[in-house]
**Q** 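Okay, handing you the structure first.
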Amino acid sequence: MSFALIILAAVTLSRAVELVLSRKNTRLLHAAGAREHAPGHYPFLVLLHAAWLAGLWLLAHDASVHLGWLAAFLLLQIMRIWVIASLGPRWTTRIIVLPGAPLVASGPYRFVSHPNYIVVVGEIAVLPMVFGLPLYALLFTILNGIVLTIRISAENKALSGGASQGRN
């Protein structure tokens, strides 16, 4: 098995684990009275991420690995874990608002409003660079920017109501 395949398998596994955690947290939040906001964009978000990862499997399965870019990607994974840990049971891949819950103000949320999106922007750009795919990185960075513009606007609107899932 090539080093590229090991990296792709690890990223795919981590995303699958995150989806399981997100579903669990979404169920718990709904049971506590939370509701989802702006679900219409969610299928596009899922499609974008699935296409990004599937394309990497297709294009990079036998690529050489650039260790500097890999180090940057690993740093982003540490930041991702920090974000998820900071939100705890309020972390989901959807915009879920729990009425009356205060915004999370610990961890990276002490410094920026949407640290998860900073991580995602970095990941979308950096992982293709690990495999020497700069045009792929550019294409998906642009597509991700479009989806995130819609999502951040929807999330800010939901959070301005004074409740929070956290802040992605």
Side-chain angles (χ1 to χ4, degrees), residues 2-23 26 36-87 91-96 104 107-160 165-168:
S2 73
F3 192 29
L5 281 176
I6 292 168
I7 293 166
L8 290 169
V11 171
T12 302
L13 179 61
S14 73
R15 294 307 185 267
V17 168
E18 288 172 11
L19 287 174
V20 169
L21 176 62
S22 175
R23 285 187 186 122
T26 296
E36 183 172 0
H37 291 264
H41 77 283
Y42 189 72
F44 297 105
L45 183 78
V46 171
L47 178 63
L48 174 80
H49 285 263
W52 171 77
L53 193 54
L56 287 173
W57 274 96
L58 180 68
L59 297 172
H61 65 278
D62 61 353
S64 60
V65 172
H66 301 270
L67 296 180
W69 285 111
L70 180 58
F73 187 76
L74 292 174
L75 179 62
L76 288 165
Q77 298 319 289
I78 292 168
M79 292 172 61
R80 173 183 283 282
I81 291 166
W82 190 25
V83 166
I84 293 170
S86 296
L87 288 174
W91 180 84
T92 74
T93 58
R94 297 178 177 271
I95 301 172
I96 307 291
V104 171
Y109 295 92
R110 291 177 293 180
F111 310 110
V112 293
S113 295
H114 298 288
N116 192 58
Y117 300 139
I118 294 169
V119 171
V120 170
V121 166
E123 289 173 334
I124 293 286
V126 170
L127 189 57
M129 296 304 294
V130 169
F131 306 116
L133 298 169
L135 293 178
Y136 192 87
L138 178 62
L139 171 65
F140 276 91
T141 295
I142 291 167
L143 294 172
N144 186 50
I146 293 166
V147 172
L148 281 183
T149 298
I150 295 163
R151 180 166 176 99
I152 291 171
S153 174
E155 187 166 323
N156 284 339
K157 184 177 178 182
L159 294 177
S160 69
Q165 137 212 350
R167 293 181 280 181
N168 266 324

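Computed from a predicted structure; not experimentally measured.
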**Q** Decide yes or no for Tyr109 and Ser86: does some side-chain heavy atom of the first lie under 4.5 Å from some side-chain heavy atom of the second?
**A**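 Side chain of Tyr109 against side chain of Ser86, heavy atoms only: contact under 4.5 Å found.
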
**Q** For Gly40 and Pro43, work out which heavy atoms get closest and say how close.
**A**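 What the structure gives for the nearest pair is O-CD, 3.4 Å.
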
**Q** Kindly compute the distance separating CG (Leu21) from OG1 (Thr26), expressed to the nearest 0.5 Å.
**A**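 Answer rounded to 0.5 Å: 9.0 Å.
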
**Q** Counting N and O atoms only, with roles assigned by atom type, does the side chain of Thr149 sit under 3.5 Å from a partner on the main chain of Gly145, one being a donor and the other an acceptor?
**A**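 Yes; at least one donor-acceptor contact below 3.5 Å.
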
**Q** When rounded to the nearest 0.5 angstrom, what distance separates CD1 in Ile84 from CG in Asn116?
**A**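 It comes to 7.0 Å.
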
**Q** Can you see which heavy atom on Ala4 is nearest to which on Ala63, and at what distance?
**A**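 Closest approach of Ala4 to Ala63: CB-O, 3.5 Å.
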
**Q** Under the side chain to side chain contact (heavy atoms under 4.5 Å, CB included) rule, what do Leu8 and Phe131 come out as? Steps first, then yes or no, please.
**A** CA-CA 10 Å; Leu8 290 169; Phe131 306 116; 3.9 Å; yes

**Q** What is the minimum heavy-atom distance between Leu45 and Thr93, and which atoms define it?
**A**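 For Leu45 versus Thr93, the nearest heavy atoms are CD2-O, 4.1 Å.
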
**Q** Which pair of non-hydrogen atoms, one from Trp52 and one from Tyr136, has the smallest distance, and what is that distance?
**A**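 So the two residues come closest at O-OH, 2.6 Å.
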
**Q** Give me the one residue out of Leu143, Ile142, Leu135, Thr141 that meets side-chain contact (heavy atoms from CB on, under 4.5 Å) with Leu139.
**A**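 Among the candidates, only Leu143 passes.
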
**Q** Once rounded to the nearest 0.5 Å, what's the spacing between atom CG of Asn156 and atom OG of Ser113?
**A**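 Reported value, rounded in 0.5 Å steps: 7.0 Å.
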
**Q** With a 4.5 Å heavy-atom cut-off, do Val83 and Arg80 have their side chains touching?
**A**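 No, side chains not in contact.
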
**Q** Please report the interatomic distance CD1(Ile7) to CZ(Phe73), rounded to the nearest 0.5 Å.
**A**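 The CD1 atom of Ile7 sits 9.0 Å away from the CZ atom of Phe73.
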
**Q** With rounding to the nearest 0.5 Å, note down the distance linking CE in Met129 to CG in Leu138.
**A**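 Between atom CE of Met129 and atom CG of Leu138 there are 10.0 Å.
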
**Q** Could you measure the distance from the CD1 atom of Ile81 to the CG atom of Leu76? Nearest 0.5 Å is fine.
**A**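 Rounded to the nearest 0.5 Å, the CD1-CG separation comes to 11.5 Å.
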
**Q** Working note: Ile152 + Glu155, criterion side chain to side chain contact (heavy atoms under 4.5 Å, CB included); need CA distance, chi angles, decisive distance, verdict.
**A** CA-CA 5 Å; Ile152 291 171; Glu155 187 166 323; 5.6 Å; no

**Q** Between His37 and Ala158, what is the shortest heavy-atom contact and its length?
**A**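 The pair with the smallest heavy-atom distance is CG-CB, 3.6 Å.
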
**Q** Side chains of Arg15 and His49, heavy atoms from C-beta outward: is any pair under 4.5 Å?
**A**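 No; the side chains remain at least 4.5 Å from each other.
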
**Q** Is Leu67 close to Leu70 at the side-chain level, that is, under 4.5 Å between some pair of heavy atoms?
**A**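 Heavy-atom side-chain distance check passes, below 4.5 Å.
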
**Q** Given 3.5 Å as the limit, does a donor-acceptor pair link the side chain of Ser14 with the main chain of Val11, or not?
**A**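 Present.
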
**Q** May I ask you to test the Trp57-Thr12 pair for a side-chain heavy-atom distance under 4.5 Å?
**A**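 In short, these two side chains touch, coming nearer than 4.5 Å.
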
**Q** Check whether any side-chain heavy atom of Ile96 lies under 4.5 Å from a side-chain heavy atom of Glu36, and answer yes or no.
**A**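 Answer yes - side chains close enough.
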
**Q** Between Gly107 and Arg110, what is the shortest heavy-atom contact and its length?
**A**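 Looks like O-NE, 3.0 Å.
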
